[in-house]
Amino acid sequence: MITYRFLKNPQTISLNKIQFFKKEEDLVKYIEKNNLDLVKRTNSIEFEIIKNLVDLIKAYLSGKKLSLYQNIKDLGIDISIEKKFPTPFSQKVIKYLINNVNYGEITTYSDIGKKINTRAYRAIGNVMKNNPIPLIIPCHRVIRKNGTLGGFMGETDDNWQKNIKLDLLKIEGITQNQLKTSF
DNA sequence: CTACGCTCAGATA
DNA sequence: TATCTGAGCGTAG
């Protein structure tokens, strides 16, 4: 699910979150709890932008080699990195990730630490954990130094969320032998 | 200040 | 190999 706000001046959308749900039931609950407005707005600028965004994500998921981050910026969609990552440390991590880890590449928490000159590997993981827009900010491309996957969307145990991380890497052409185990 | 975490290297069996 | 332990450090409360 993608949540956003529609901005009036200039007319564009501000991306809020991208979330995954294990069951449809969980999605419905989330919508009710947060009182989300699901009305379709055809024939509007808003609809056009959203359609472009969804088309982009679908293209990416079907294997088209494109930088979601760059393409989405080109659509004029507001991502507000600085608001989503308010601290200097988290901005360093995310900016490194965006600017240096391209489609089909993987890196490790340890590598990022070396590049930004810190040993706070777990803290780097915590930044990723707080990434509200996975896929677009490609934290799925960051794995552990020993070749195992590491966590994804707040989870470190073997579960559906790590499978999503693995699926995304497979889509980008990462092969099993670039990872240590089947996980 | 305390507690926690998408980590890591080293030790142990 | 698998599991445990402490170091390490940014962040939220």
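Lettering follows sequence order; numbering is per chain, from 1.
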**Request:** Could you check how far CD1 of A:I137 sits from P of B:dC6, rounded to whole Å?
**Result:** 17 Å
**Request:** Give one of base, sugar-phosphate or nothing for A:G113, where a contact means two heavy atoms less than 4.0 Å apart.
**Result:** nothing
**Prompt:** Where along residues 115-132 of chain A does a heavy atom fall under 4.0 Å from DNA chain B?
**Reply:** A:Y121, A:R122, A:A123, A:G125, A:N126, A:M128, A:K129
**Complete:** Only residue of A:L53, A:I13, A:I77 satisfying side-chain contact (heavy atoms from CB on, under 4.5 Å) with A:Y4 is A:I13
**Request:** Return the value, rounded to whole Å, for the distance between atom CG of A:N159 and atom P of B:dC6.
**Result:** 12 Å
**Rounded distance (Å) that lies between atom P of B:dG5 and atom CZ of A:F89** = 17 Å
**Asked** A:E172 and A:Y60: side-chain donor and acceptor closer than 3.5 Å?
**Response** yes
**Item:** Whole angstrom value for the distance that separates C1' of C:dA12 from CZ of A:F85
**Value:** 16 Å
**Interatomic distance, A:N146 CG vs B:dA11 C1' [rounded to whole Å]** = 16 Å
**Request:** Would you kindly say whether A:N52 and A:E48 are connected by a side-chain donor-acceptor distance under 3.5 Å?
**Result:** no
**Message:** Rounded at 0.5 Å granularity, tell me how far CG in A:L61 sits from CG in A:L68.
**Reply:** 7.5 Å
**Request:** Please state how far atom NZ in A:K145 lies from atom C1' in B:dC6, giving the value in whole angstrom units.
**Result:** 17 Å
**Request:** Go ahead and name the base partner of C:dG8; Watson-Crick or wobble counts if both distances stay under 3.5 Å, otherwise write none.
**Result:** none
**Prompt:** Rounding to a whole Å, what distance do you find between A:Y109:OH and B:dA9:P?
**Reply:** 14 Å
**Message:** Tell me whether the side-chain N/O atoms of A:T87 come closer than 4.0 Å to OP1 or OP2 in C:dT11.
**Reply:** yes
**Any A:K162 side-chain N or O less than 4.0 Å from OP1/OP2 of B:dC6** = no
**Asked** In terms of ring plane angle, is the pair A:Y30 and A:F21 parallel, tilted or perpendicular, where the classes change at 30° and 60°?
**Response** tilted
**Complete:** Between CZ of A:F20 and P of B:dC6 the distance, given in whole Å, is 17 Å
**Message:** Taking A:D111 first and then A:K115, would you say they form a salt bridge - that is, a charged N and a carboxylate O separated by under 4.0 Å?
**Reply:** no
**Flag, side chain of A:K165 to backbone of A:G151, donor-acceptor distance under 3.5 Å** = yes
